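Keep in mind that what you see is a predicted model, and the values were worked out from it rather than measured.
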Amino acid sequence: MVYEYEAKTEREAIEMAVKKLGLERESFDVEIIETQKNTLFKKGYVKIRVHTLNAVKFQREENDNAENRSPPPILKRRVAEPLSKDVFEKKLLEFISLVVQKISCKCTVDIMFREGGKLGIRLTSPHSSILIGHKGKNLDALQLLTNAYAENLGRRDVRIILDTENYRIRCEESLVRLAYITADAVRISHSSVLLEPMNPSERRLIHAMLNDVADIETKSEGEGLYRQVRVIFKA
């Protein structure tokens with residue numbers, strides 16, 4: 001089925017659709033059909049068209065069959081010796097501690113895992129919500145700075161991953177579930193679903209989870225850092 005909603009912004013229009021239809025955002029596709037910018041004599045608005053073909057049926061089946069479904073794979077939690085084992089790791093931990101101190105947060109930093117070309121670092125702080133920020137943007141920014149510092153130390157071969165309160169792991173597990181739920185939705189509706197904007201690592205995870213699903217394909221759309229993944233049914 002198709003519905004149309006109008007609001008001041010695209011986000012408000014989508015939130016209106018979620019509330020009135022009683023559906024999760026991932027259960028319908030959104031098409032922007034009209035946009036009006038604010039002018040001196042007229043207020044701006046965005047009009048969207050919401051496609052909910054079989055979405056209600058999907059949610060009902062999802063609830064009815066929840067106990068019979070195979071759970072999505074849960075990513076393994078990795079552990080390592082928490083102390084730095086060389087000068088490079090020591091400098092990284094000192095750098096992160098210094099940056100966090102600059103934003104007036106108390107924090108202890110240690111090694112979370114060592115895995116191939118990846119080095120995981122754990123931040124333990126009573127101010128973890130500040131370190132994470134809205135949708136993890138503060139943590140992403142700190143991770144970007146740390147990787148830049150690692151390159152300055154001559155270690156472009158190592159990718160640094162920062163985490164606090166298992167935020168990364170919880171997000172990854174949530175994205176894995178989202179990938180499989182969305183795949184089921186488009187399989188039932190024979191259509192496509194455009195997911196919320198994601199950073200590159202989140203998009204890579206969605207692509208990887210659905211790469212081997214025979215009747216599903218994914219592609220990234222949009223521009224900039226936070227592009228979107230479209231999950232598509234292949235007939």
Side-chain angles (χ1 to χ4, degrees), residues 24-30 55 58-59 61-62 65-66 68-80 111-123 132-148 150-151 155-235:
E24 296 293 332
R25 168 63 184 86
E26 293 78 17
S27 299
F28 57 81
D29 205 358
V30 174
F58 161 69
Q59 285 201 334
E61 290 179 352
E62 179 69 18
N65 299 328
N68 299 324
R69 290 170 54 84
S70 298
I74 301 300
L75 300 170
K76 295 181 180 179
R77 287 174 170 77
R78 298 152 289 192
V79 295
I111 303 300
M112 184 167 55
F113 67 84
R114 301 179 183 90
E115 185 178 275
K118 298 179 181 179
L119 177 65
I121 298 178
R122 181 190 299 109
L123 286 68
I132 294 171
H134 180 60
K135 293 187 176 181
K137 289 186 177 180
N138 289 352
L139 193 61
D140 286 345
L142 183 56
Q143 181 172 290
L144 183 64
L145 284 174
T146 306
N147 276 281
E151 288 189 15
R155 295 299 305 272
R156 302 186 65 176
D157 59 313
V158 179
R159 181 177 171 226
I160 314 301
I161 299 173
L162 303 187
D163 199 5
T164 181
E165 298 289 340
N166 287 327
Y167 175 79
R168 299 283 189 206
I169 293 175
R170 288 187 281 111
C171 283
E172 287 179 353
E173 292 176 350
S174 177
L175 285 171
V176 168
R177 286 191 290 269
L178 173 63
Y180 284 98
I181 289 172
T182 305
D184 283 345
V186 302
R187 183 179 293 114
I188 291 170
S189 65
H190 287 201
S191 62
S192 69
V193 171
L194 185 63
L195 301 178
E196 290 292 318
M198 299 178 182
N199 63 38
S201 62
E202 292 170 337
R203 295 197 304 273
R204 280 195 297 269
L205 182 58
I206 296 291
H207 291 310
M209 289 298 101
L210 300 180
N211 184 57
D212 295 327
V213 180
D215 55 352
I216 298 295
E217 66 177 345
T218 61
K219 65 177 182 179
S220 293
E221 298 183 0
E223 299 179 355
L225 179 63
Y226 285 85
R227 301 174 68 197
Q228 294 172 270
V229 175
R230 184 177 291 278
V231 182
I232 307 164
F233 173 75
K234 294 193 299 184

**Q.** Exercise: identify the closest heavy-atom pair between Ile160 and Ala150
**A.**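 Here Ile160 and Ala150 meet closest at CG1-CB, 4.2 Å.
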Q: Please report the shortest heavy-atom distance between Ala179 and Leu210, naming the atom on each side.
A: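 Reported closest heavy-atom pair: O-CD2, 3.6 Å.
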Donor-acceptor contact present, side-chain [X] to main-chain [Y], <3.5 Å:
| X | Y | answer |
| --- | --- | --- |
| Tyr167 | Ile132 | no |
| Arg203 | Met198 | yes |
| Ser174 | Arg170 | no |
| Asn199 | Glu202 | yes |

Q: Could you walk me through whether Thr218 and Ile232 pass the side-chain contact (heavy atoms from CB on, under 4.5 Å) test, one step at a time?
A: CA-CA 6 Å; Thr218 61; Ile232 307 164; over 6 Å; no
How far does [atom1] of [X] sit from [atom2] of [Y], to the nearest 0.5 angstrom?
| X | Y | atom1 | atom2 | answer |
| --- | --- | --- | --- | --- |
| Met209 | Arg177 | CE | CZ | 13.0 Å |
| Leu195 | Leu178 | CG | CG | 5.0 Å |
| Leu175 | Arg168 | CG | CZ | 11.0 Å |
| Gln143 | Ile161 | CD | CD1 | 6.0 Å |
| Asp184 | Ile216 | CG | CD1 | 8.0 Å |
| Phe113 | Leu119 | CZ | CG | 7.5 Å |

Q) Is Asp140 salt-bridged to Lys137, cutoff N-O under 4.0 Å? A)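 Result for this pair is no, no salt bridge flagged.
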Q: Let me know which of Arg230, Gln228, Arg227, His207 forms a side-chain hydrogen bond (donor to acceptor under 3.5 Å, both in side chains) with Ser220.
A: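 Exactly one pass, corresponding to His207.
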Q | Beyond-backbone contact of Leu142 with Leu123, side-chain heavy atoms, under 4.5 angstrom | A |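 Of all side-chain heavy-atom pairs linking Leu123 with Leu142, at least one is under 4.5 Å.
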Q: Report yes if the side chains of Thr164 and Leu162 come closer than 4.5 Å at any heavy-atom pair, otherwise no.
A: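 No, side chains not in contact.
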Q. Ser201 and Arg159: side-chain contact (heavy atoms from CB on, under 4.5 Å), yes or no, with the steps?
A. CA-CA 12 Å; Ser201 62; Arg159 181 177 171 226; 3.9 Å; yes
Q) Within a radius of less than 6.0 Å around NZ of Lys234, do more than 12 heavy atoms belonging to other residues, nucleotides or ligands occur? A)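 Correct, the count exceeds 12.
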